[in-house]
Enquirer: 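I have a structure here, written as structure tokens, and I will follow up with some questions on it.
Chain identifiers are assigned alphabetically (A, B, ...) following the order of the sequence lines, protein sequences preceding nucleic acid strands; residue numbering begins at 1 within each chain.
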There are 2 protein chains.
Amino acid sequence: MTISSGGVPSPKYQRLAADLRRRIAEGEWRDGNALPVETELEQQYGVARNTVRLAVDVLVNEGRLVRLQGKGTFLREHPVLDHRAFGPLLPSQRGDGLAAPSAVYHSEAEQAGRRLSAEFEMLIVRARVDVAERLGLQPGEAVVVRRQLRLLDREPYSIEESHYRAGVAAGTALMEPDPVPGGDEAVLAELGRVEVGAVDQLVARMPGPEEAQWFQGGPGVPLLVQTRVTYDRRGPVRVIETRYSADRCRLIYGLGRLDARVK
Amino acid sequence: MTISSGGVPSPKYQRLAADLRRRIAEGEWRDGNALPVETELEQQYGVARNTVRLAVDVLVNEGRLVRLQGKGTFLREHPVLDHRAFGPLLPSQRGDGLAAPSAVYHSEAEQAGRRLSAEFEMLIVRARVDVAERLGLQPGEAVVVRRQLRLLDREPYSIEESHYRAGVAAGTALMEPDPVPGGDEAVLAELGRVEVGAVDQLVARMPGPEEAQWFQGGPGVPLLVQTRVTYDRRGPVRVIETRYSADRCRLIYGLGRLDARVK
DNA sequence: GGTGATTTGTGCGTATGTATT
DNA sequence: TAATACATACGCACAAATCAC
């Protein structure tokens with residue numbers, strides 16, 4: 001073991017993990033270069049391959065390393081795209097700070113030199129209990145879910161699902177299995193339901209198996225989940241749940257008066 | 001193998017993990033009961049102990065299970081406490097929606113029947129590059145960091161760090177190694193620096209080793225990190241970075257007009 | 001296009017350590 | 001103290017994906 005095993009009586013694989021962290025921080029294996037292969041790490045540290053794998057597992061689950069079968073082990077890349085979830089928009093963008101039509105997403109990405117695309121789905125399902133509660137529905141009542149699967153530079157970025165009470169969507173373009181040009185907000189406005197407020201709830205958690213499969217993030221990449229309930233003067237209008245791959249997204253909220261500096 | 005290995009040619013440990021997920025979802029091992037011990041799972045599924053551990057590893061890193069040496073393997077508990085990061089406060093609370101004095105935290109916890117405590121530290125350090133940038137400082141300039149380590153029912157909940165430019169804090173109570181009664185906002189107000197706006201940036205990531213040690217969450221529990229830059233009319237005032245253990249916290253933002261329903 | 005070498009993935013077995021009960 | 005249960009560590013073999021030739 002070339003690792004200082006002096007005062008710290010911790011297990012080998014943990015010391016090994018700590019040493020790899022140090023070497024990463026010091027800049028070995030910059031950019032896209034691979035780490036030494038497992039057999040070489042065995043020899044460098046004089047441990048069994050199993051121990052090497054345990055150590056690398058730790059860093060993988062911290063989101064620092066990615067293993068690719070047949071290729072090697074690499075530093076995880078973190079190309080982030082900011083998304084302004086609320087607040088003053090750039091002059092070139094429409095909206096009052098609350099609504100974030102698809103166009104806003106795309107212009108954010110464009111200005112960062114990235115490309116955002118989306119697939120659309122519409123489905124009618126029984127409301128999840130938490131959705132039903134927020135919309136004031138009976139448990140098990142039907143809701144229309146309009147889903148956008150967003151890709152950033154071809155890679156999974158977010159899943160956005162708008163939940164509408166069936167009665168609201170009935171007979172409108174919201175029942176069509178296609179995105180509404182101008183955004184769902186336009187349809188709501190025609191119905192006289194202009195969203196003037198919202199409550200956002202933010203949580204982070206690890207993806208479940210289906211989510212992990214879609215997001216392709218692998219272990220160590222949490223999801224950032226934003227659950228927005230929008231309101232007009234009559235009450236709740238819709239629930240918008242957006243799940244972001246946390247290594248690709250930062251959510252921005254502009255709050256209060258920002259006349260001085262908008263950053 | 002009692003698992004249906006029919007159409008799915010995935011590895012044993014992954015099928016085993018999927019089966020454990022199913023059994024968890026179906027309610028075996030409710031409340032605080034332990035899962036079968038590893039040797040029993042070996043026999044139930046007819047695999048090596050190593051394979052059992054690989055499968056359980058998956059669920060541990062998804063945040064679903066916790067392993068306790070000498071005791072067993074258990075479902076992870078998720079007692080969450082909402083924290084209102086912005087928006088209309090309850091009538092019993094002071095504040096304009098922007099500032100969140102410690103008193104607010106405590107009353108939130110109290111109303112949920114939980115108890116929140118905090119330890120305080122003050123330190124003077126060179127500004128991190130991102131903090132320096134946001135405060136408009138030269139790289140490496142000194143900042144005063146006022147840190148609150150918050151515990152919820154005796155368990156680690158959050159780390160909040162306010163970063164002040166040294167020039168701002170000099171000669172004020174902000175240099176004292178104790179919390180300011182009434183909150184740091186009171187001191188800023190005396191200096192004529194009333195915070196009127198803020199920009200929040202939200203990200204989720206896995207904890208580093210020191211963070212993991214403090215939060216005691218183990219693998220599978222991400223952090224939710226809120227980085228707030230507050231502004232008065234002259235410019236940025238301070239950077240407040242708050243790291244939450246994601247399994248114990250939900251952040252709430254009230255946005256726009258919420259006269260109708262405040263939930 | 002294919003073949004073999006490389007590299008990580010999966011799976012088995014065994015032994016011993018450490019914390020809890 | 002003894003038994004239980006997870007943690008650490010070694011070893012081996014073969015599979016699957018990738019890459020260089």
Enquirer: I need the residues from residues 49-57 of chain B with at least one non-hydrogen atom less than 4.0 Å from DNA chain D; give them sorted by number, or say none.
Expert: B/R49, B/R53

Enquirer: Does this structure show an ion pair linking B/R134 with B/E241, if we count only N-O contacts that are shorter than 4.0 Å?
Expert: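 Looking at B/R134 and B/E241, the cut-off is not met.
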
Enquirer: Got a list of side-chain donor-acceptor pairs under 3.5 Å for residues 73-80 of chain B, not counting sequence neighbours?
Expert:
residue : atom : partner : partner atom : Å
B/R76   : NE   : B/G63   : O            : 3.4
B/R76   : NH1  : B/G217  : O            : 3.3
B/R76   : NH2  : B/G217  : O            : 2.9

Enquirer: Just how far, in rounded Å, is P of C/dG9 from CG of B/L16?
Expert: 19 Å

Enquirer: Whether B/T39 contacts D/dT4 is assessed here as follows: a side-chain N or O lying under 4.0 Å from the phosphate OP1 or OP2. Is that the case?
Expert: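 Answer no for this pair, as no side-chain N or O of B/T39 is under 4.0 Å from OP1 or OP2.
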
Enquirer: For the pair made of CD in B/E38 and C1' in D/dT8, what is the distance, rounded to whole Å?
Expert: 12 Å

Enquirer: With a 4.0 Å cut-off on N to O distance, would you call B/D19 and B/R15 a salt bridge?
Expert: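 B/R15 and B/D19: not salt-bridged.
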
Enquirer: Ignoring hydrogens and geometry beyond distance, is the side chain of B/Q69 in donor-acceptor contact with the base of D/dA7 at under 3.5 Å?
Expert: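 No pair found.
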
Enquirer: Could you tell me the separation between the OH atom of A/Y45 and the P atom of D/dC10, rounded to a whole number of Å?
Expert: 14 Å

Enquirer: Nearest whole angstrom, please: distance from the P of C/dT7 to the CG of A/L65.
Expert: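 Rounding to the nearest Å, CG of A/L65 and P of C/dT7 are 17 Å apart.
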
Enquirer: Would a line drawn from the ring center of A/Y253 to the ring center of B/Y253 be shorter than 6.0 Å?
Expert: yes

Enquirer: Looking at A/K71, does any N or O in its side chain come under 4.0 Å of the phosphate oxygens OP1/OP2 on D/dA17?
Expert: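 Indeed not, no polar side-chain atom of A/K71 lies that close.
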
Enquirer: For the pair made of NZ in A/K12 and P in D/dT8, what is the distance, rounded to whole Å?
Expert: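 It is 13 Å, rounded to the nearest whole Å.
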
Enquirer: Under 4.0 angstrom, heavy atoms only, what part of the nucleic acid is B/E40 near: base, sugar-phosphate, or nothing?
Expert: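 Nothing, no heavy atom under 4.0 Å.
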
Enquirer: So, does A/Q14 get its side chain near the phosphate of D/dT8, meaning an N or O under 4.0 Å from OP1 or OP2?
Expert: yes

Enquirer: Could you go step by step and tell me if A/D57 and A/R67 meet the salt bridge (charged side-chain N to carboxylate O under 4.0 Å, His left out) rule?
Expert: CA-CA 9 Å; A/D57 276 344; A/R67 282 200 278 222; 2.2 Å; yes

Enquirer: Report, one pair per line, the protein and nucleotides 3-6 of chain C atoms (nitrogen or oxygen only) whose separation is under 3.5 Å.
Expert:
none

Enquirer: Salt bridge or not for A/R205 and A/E211, using N-O below 4.0 Å?
Expert: yes

Enquirer: CD of A/Q43 versus P of D/dC10: gap in Å, rounded?
Expert: 14 Å

Enquirer: Parallel, tilted or perpendicular for B/Y157 and B/Y244, by the 30°/60° rule?
Expert: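 Rings of B/Y157 and B/Y244: perpendicular, as their planes differ by over 60°.
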
Enquirer: What's the verdict on salt bridge (charged side-chain N to carboxylate O under 4.0 Å, His left out) for B/R84 and B/E108, showing C-alpha distance, side-chain angles and the deciding distance?
Expert: CA-CA 8 Å; B/R84 183 168 286 267; B/E108 281 178 334; 5.6 Å; no

Enquirer: Looking at A/R22, I want to see if its CZ is surrounded by more than 12 non-hydrogen atoms of other residues, nucleotides or ligands under 6.0 Å.
Expert: yes

Enquirer: A/R67 has a side chain; which of C/dT8, D/dA7, D/dG11 sits nearest to it?
Expert: C/dT8

Enquirer: Take atom CD of B/E42 and atom P of C/dG11, then tell me their distance rounded to the nearest Å.
Expert: 14 Å

